Amino acid sequence: IKKDLFLLKKDYVKDSSFAKNKIPYKIKITGELMRLFGYYVSEGCTMPKNKWGINFTFNILEKEQQRDVINIIKKYFKINPKYIKPNEEKHSFSIEYSNKELSQFLHSLFGNNARSKNLPSFIYSLKKELIIEFLRGYKGDAYTRKRYRGNGTITFKTRSKNLAIQLTYLLKLNSIACNFSREFDKGHFTPQKTWVKEDWVYMVEIPAQFNPFFKASNTFLYLLFPT
């Protein structure tokens with residue numbers, strides 16, 4: 001039986017000098033918090049050189065996810081966004097925080113950008129339902145498409161090889177079958193009109209029959225994560 005797990009601030013926040021709005025000393029891992037962590041891995045980054053900024057960038061239509069991030073951070077850390085920036089031209093919606101402790105906390109746990117993202121060791125000890133909530137947040141921009149084969153398959157894409165390998169292990173540890181592969185991306189514009197340089201992209205694919213979010217239908221769910 002997997003027990004509840006708590007994270008201690010002292011293990012992840014090394015510099016609290018001059019920090020305002022300090023985060024709790026002891027933080028219980030819940031489904032909501034795991035969903036926030038998923039959002040951060042998919043859509044977030046930290047900017048320690050920019051006044052300890054934390055930024056989440058969503059598609060402008062992802063209203064539910066935007067509200068969810070704001071509500072969870074307010075509930076668990078008592079912090080409000082510094083800026084909320086919709087950008088109609090780029091079809092993006094940015095939520096920015098400035099908090100020294102929370103920035104260190106997220107950075108220490110998951111890394112600070114697309115290429116450095118990783119999973120912390122505690123995640124392998126969690127109950128499956130908490131892993132599902134992490135994946136729910138990590139789904140990123142989702143859309144459906146019809147395809148001859150593979151309807152209902154989820155594909156995660158990341159620039160972090162380490163994250164892809166860790167995610168593969170995590171899924172299999174929780175009896176969720178998946179496949180690992182890679183492809184070379186020659187460079188492209190994101191839906192937010194940002195140019196992404198050429199590089200290897202790593203993919204973790206969950207077949208439809210193991211997809212925890214898939215309901216039988218004639219659609220193919222393909223989840224493309226920002227890079």
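Atoms considered below: every heavy atom in the structure, side chains included; atoms not considered: hydrogens, waters and symmetry mates. Everything numeric here is computed off the predicted structure, so don't read it as measured data.
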Given the rule that I, L, V, M, F, W and Y join up when any side-chain heavy atoms are under 4.5 Å apart, are Leu8 and Val13 in one cluster?
no
Would you say Lys161's side chain and Thr158's backbone share a donor-acceptor pair under 3.5 angstrom?
no
Taking atom NZ as the centre, does Lys14 end up with more than 12 heavy-atom neighbours from other residues, nucleotides or ligands that are less than 6.0 angstrom away?
yes
Any sub-3.5 Å donor-acceptor pair from Lys117's side-chain atoms to Val41's backbone N or O?
yes
State whether a side-chain donor-acceptor pair under 3.5 Å links Asp15 with Ser17.
yes
Can you check ring pair (Phe, Tyr, Trp, His ring centres under 6.0 Å) on Phe105 and Tyr12, steps first, answer last?
CA-CA 5 Å; Phe105 182 69; Tyr12 305 100; 5.8 Å; yes
Does Asp185 come within less than 4.0 Å of Lys157, counting only side-chain N to carboxylate O?
no
Would you please indicate if the ring centroids of Phe58 and Phe93 are separated by under 6.0 Å?
no
Would you confirm whether Asp68, through its side chain, and Glu64, through its main-chain N or O, come within 3.5 Å as a donor-acceptor pair?
no
Indicate the ring-plane relationship of Phe184 and Trp200, choosing parallel, tilted or perpendicular according to the 30° and 60° boundaries.
perpendicular
Please indicate whether Tyr83 has more than 12 foreign heavy atoms, meaning atoms of other residues, nucleotides or ligands, lying under 6.0 Å from its OH.
no
Is a donor on one side and an acceptor on the other found under 3.5 Å between the side chain of Asn99 and the backbone of Asn21?
yes
Should Ile29 and Phe6 be regarded as members of a common hydrophobic cluster, given that ILVMFWY residues are connected when their side-chain heavy atoms come within less than 4.5 Å of each other, either directly or indirectly?
no
Give the minimum heavy-atom separation between Thr57 and Ser92, together with the two atoms involved.
CG2-CB, 4.0 Å
Under a 4.0 Å N-O cut-off, is there an ion pair linking Glu101 with Lys22?
yes
Mind checking what makes side chain to side chain contact (heavy atoms under 4.5 Å, CB included) contact with Glu32, not counting sequence neighbours?
Thr30, Arg35, Ile72, Lys75, Tyr76
For Glu133 and Glu129, indicate whether the former's side chain and the latter's backbone hold a donor-acceptor pair under 3.5 Å.
no
Under a 3.5 Å distance rule, please check whether Gln66 uses its side chain to pair with a backbone N or O of Asn59 as donor and acceptor.
yes
Counterpart residues, ring-ring contact (aromatic ring centres under 6.0 Å, His included), relative to Tyr40 (two or more places apart):
none
Keeping the roles fixed (side chain from Asn113, backbone from Gly111), state whether a donor-acceptor pair exists under 3.5 Å.
no
